[in-house]
Colleague: 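Pasting in a structure now, in structure tokens, and then I'll have a few things to ask.
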Amino acid sequence: MNKKLTKVLATSIAAAALTATLAGCGKGSASSSSEGSGEIALWTHNAGNPDELAAVQKIVDSYNGSQDKVKIKVQAFPQDSYNDSVVSAAAAGNLPCIVDIDGPNVPNWAWAGYLKPLELDTDLSKHLPSTVAEWDGKPYAVGYYDVALAMMARTSDLEAAGVRVATMEQPWTKEEFQDALTKLKALGKWEHPLDLGTAGTGEWLPYAYSPLLQSFGGDLVNRDGFQTAEGELNGKEAVEWAGWFRGLADQGFMAKKSGKDSTQDFLNNKSAIVYTGSWAADKAKAALGDDLVVMPPVDLGEGPKIGGASWQWGVTSGCTNAEAAMDYLSYSLKPENIAAVAKATGTIPASEEAAAQIPAFAEGGANRIFMDFSREYAVMRPETPAYPFIATEYGKAVQDILNGAEPQSTLDSAVKAIDANIKSNGGYKN
């Protein structure tokens with residue numbers, strides 16, 4: 001997994017542990033931190049990400065200068081300690097007013113009683129759906145951006161192998177993908193022509209691979225009520241996905257464990273096709289120029305799928321000045337603010353108005369395809385408080401299957417654990 005992706009997803013392992021801890025604290029209203037009169041605390045994990053932190057600070061400074069009723073105060077934590085800090089604050093009933101949250105974990109935080117529904121003076125329907133986190137029919141967090149997975153290759157390599165370029169109008173089918181990998185491997189240029197980032201851990205596993213499962217027709221959980229994974233994670237389609245996924249390694253098309261930076265390995269010509277995304281686009285284009293081709297994920301039966309949602313912002317339920325916190329978030333969602341953060345992070349802006357201010361993401365721009373992928377292919381990771389547990393169990397199953405475990409029994413075990421967790425938490429109902 002590459003370094004840019006690490007910035008987007010690396011804290012999700014800790015986030016999963018964090019949400020389990022929050023739920024374990026019991027449901028209820030968390031008191032906000034003892035903020036000074038007219039001061040509102042905003043916590044972020046971006047201390048180790050100076051470009052994004054600077055963009056957020058600029059929005060805060062602009063808001064603070066636009067009115068004299070309240071002042072937003074940013075407290076940035078290193079990624080490694082951010083979640084520990086939130087856990088400690090939650091246990092002490094001392095959360096700040098505004099927090100950033102990894103999007104898939106928002107339902108757990110909302111269920112645990114630590115977030116309040118958003119009441120903003122902005123039309124969230126204009127945002128990419130994957131940038132708005134909902135639970136129980138209400139929005140609880142909103143982000144400035146998303147990222148999108150894709151398959152990248154060199155046009156020259158595909159031509160040499162006699163493989164057509166996949167497009168949104170005509171993505172590769174499972175059979176075409178098999179044929180493409182066979183032809184590419186026959187060129188003899190790479191030990192493994194495909195790199196799916198199998199060295200990844202934590203949230204990368206459900207983020208990257210559950211869309212492939214969903215394209216087969218399976219899923220992480222039954223989304224009708226989110227009460228069981230039976231038949232979705234261990235049904236016929238899921239078992240077929242597992243066999244296909246492991247088969248890519250068995251046939252020598254991909255490594256069971258890739259290099260740590262799949263994008264850089266691709267640029268170093270260690271693979272023909274890499275499963276990476278929008279965070280790598282500028283670097284890849286700078287290195288390969290017009291030889292770079294960006295393609296949609298494979299249609300494995302139910303159309304191409306990619307994961308949706310990244311870091312987002314919410315207001316804690318115990319915030320003593322929630323109206324002002326909501327006012328700040330509304331202000332921060334102006335198109336020019338969204339565009340500024342997206343530029344700083346190299347990510348997909350959350351709205352068309354913001355995209356129009358970034359040439360690469362405007363209509364006809366070099367990176368517009370990623371916004372199109374997000375709009376057409378993104379599947380939200382299950383919007384249930386059970387998600388952190390589901391993600392962990394699925395991640396274990398993925399790694400076990402890659403290492404040779406029998407698919408059906410492995411997936412059955414994951415389903416059993418997930419269903420037990422849901423049951424032990426009363427179905428995660430209000």
Side-chain angles (χ1 to χ4, degrees), residues 4-5 7-9 40 42-46 49-67 72 74 76 97-104 106 117-134 139-148 277-279 281-282 306-315 324-376 378 380:
K4 189 70 174 182
L5 176 61
K7 291 183 179 179
V8 178
L9 296 173
I40 292 179
L42 177 153
W43 283 12
T44 176
H45 73 288
N46 277 316
N49 190 356
D51 292 339
E52 184 169 356
L53 179 59
V56 170
Q57 184 65 61
K58 189 172 181 179
I59 295 172
V60 167
D61 291 343
S62 178
Y63 177 77
N64 286 344
S66 71
Q67 47 74 48
I72 308 298
V74 176
C97 266
I98 303 171
V99 290
D100 64 357
I101 319 146
D102 201 3
V106 171
L118 296 179
E119 297 178 9
L120 305 178
D121 294 327
T122 188
D123 185 0
L124 295 182
S125 69
K126 293 184 178 180
H127 287 231
L128 285 173
S130 59
T131 63
V132 180
E134 294 187 350
Y140 278 85
V142 60
Y144 305 134
Y145 57 76
D146 201 359
V147 292
S278 49
W279 56 84
D282 291 342
I306 61 173
S310 189
W311 284 90
Q312 301 173 353
W313 298 92
V315 176
M326 298 290 183
D327 185 65
Y328 164 74
L329 286 185
S330 296
Y331 180 93
S332 77
L333 293 169
K334 290 181 178 182
E336 58 268 29
N337 291 332
I338 293 174
V341 177
K343 285 180 182 177
T345 55
T347 50
I348 303 166
S351 71
E352 287 287 355
E353 290 176 294
Q357 299 182 29
I358 308 174
F361 283 99
E363 288 283 356
N367 292 337
R368 177 70 184 195
I369 192 170
F370 295 107
M371 194 166 190
D372 294 339
F373 285 1
S374 181
R375 194 175 295 282
E376 294 296 323
M380 300 293 280

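By convention here, the first residue in the shown sequence is residue 1.
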Colleague: Can you name the nearest heavy-atom pair linking Trp311 to His45, along with the distance?
Modeller: CD2-CE1, 3.3 Å
Colleague: Shortest non-hydrogen contact from Gln312 to Ser130?
Modeller: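 Answer, listing the atom of Gln312 first, then Ser130: NE2-O, 3.3 Å.
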Colleague: If only side-chain N and O atoms count, and only distance matters, is there a donor-acceptor pair under 3.5 Å linking Asp100 with Thr44?
Modeller: yes
Colleague: Would you compute the distance between atom NZ of Lys343 and atom CG of Asp51 and round it to the nearest 0.5 angstrom?
Modeller: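 Between atom NZ of Lys343 and atom CG of Asp51 there are 14.0 Å.
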Colleague: Got a second to check how far Glu336's CD is from Ser62's OG, nearest 0.5 Å?
Modeller: 8.0 Å
Colleague: How close do Ala340 and Ala55 get, counting heavy atoms only, and between which atoms?
Modeller: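 Shortest heavy-atom separation between Ala340 and Ala55 comes out as O-CB, 4.2 Å.
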Colleague: Could you tell me which non-hydrogen atom of Met380 sits nearest to which non-hydrogen atom of Ala309, and how far apart they are?
Modeller: CE-CB, 4.1 Å
Colleague: At what distance, to the nearest 0.5 angstrom, does SG of Cys97 lie from CD1 of Ile72?
Modeller: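 CD1 of Ile72 is found 8.0 Å from SG of Cys97.
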Colleague: Could you report the tightest heavy-atom contact between Leu124 and Pro139, atom names first, then the distance?
Modeller: CD1-CB, 4.1 Å
Colleague: Under the side-chain contact (heavy atoms from CB on, under 4.5 Å) criterion, do Asp282 and Asn367 qualify, and how do the steps go?
Modeller: CA-CA 8 Å; Asp282 291 342; Asn367 292 337; 3.0 Å; yes
Colleague: Determine whether the side chains of Tyr144 and Glu52 contain a donor N or O and an acceptor N or O closer than 3.5 Å.
Modeller: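 Short answer, no.
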Colleague: Look up atom CZ in Phe370 and atom CD1 in Ile306, then write down how far apart they are to the nearest 0.5 Å.
Modeller: 9.5 Å
Colleague: For residues Leu118 and Val132, determine if any side-chain heavy atom of one lies less than 4.5 Å from a side-chain heavy atom of the other.
Modeller: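 No. Closest side-chain heavy atoms not under 4.5 Å.
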Colleague: Any side-chain heavy atom of Ile348 within less than 4.5 Å of one from Tyr145?
Modeller: no
Colleague: Starting at CH2 of Trp43, measure out to CD1 of Ile101 and round the result to the nearest 0.5 Å.
Modeller: 13.0 Å
Colleague: Would you say the side chain of Ile358 lies within less than 4.5 Å of the side chain of Pro349, judging by non-hydrogen atoms?
Modeller: yes
Colleague: Are the side chain of Ser330 and the backbone of Met326 linked by a donor-acceptor contact shorter than 3.5 Å?
Modeller: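 Between the backbone of Met326 and the side chain of Ser330 there is a qualifying donor-acceptor contact (under 3.5 Å).
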Colleague: Quick check for you: to the nearest 0.5 Å, what is the distance between Leu53 atom CG and Thr345 atom OG1?
Modeller: 12.5 Å
Colleague: Mind listing the closest non-hydrogen atom pair of His127 and Gly143 along with its distance?
Modeller: ND1-O, 4.2 Å
Colleague: A side-chain contact here means heavy atoms from C-beta on lying under 4.5 Å apart; do Trp313 and Val56 qualify?
Modeller: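 The answer is yes, as the side chains (C-beta and beyond) meet within the 4.5 Å cut-off.
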Colleague: With distance as the sole criterion, is a donor-acceptor pair present between the side chains of Tyr63 and Asp327 under 3.5 Å?
Modeller: yes
Colleague: Before accepting this row, confirm whether a basic side-chain N of the pair Lys126/Glu352 lies closer than 4.0 Å to the acidic partner's carboxylate O.
Modeller: no
Colleague: Would a 4.5 Å heavy-atom cut-off, applied to side chains only, mark Tyr328 and Val60 as touching?
Modeller: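 Yes, their side chains come closer than 4.5 Å.
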Colleague: Would you confirm whether Ser374, through its side chain, and Met371, through its main-chain N or O, come within 3.5 Å as a donor-acceptor pair?
Modeller: no
Colleague: Would you mind telling me which of Leu120, Thr131, Asp123 makes a side-chain contact (heavy atoms from CB on, under 4.5 Å) with Leu333?
Modeller: Leu120
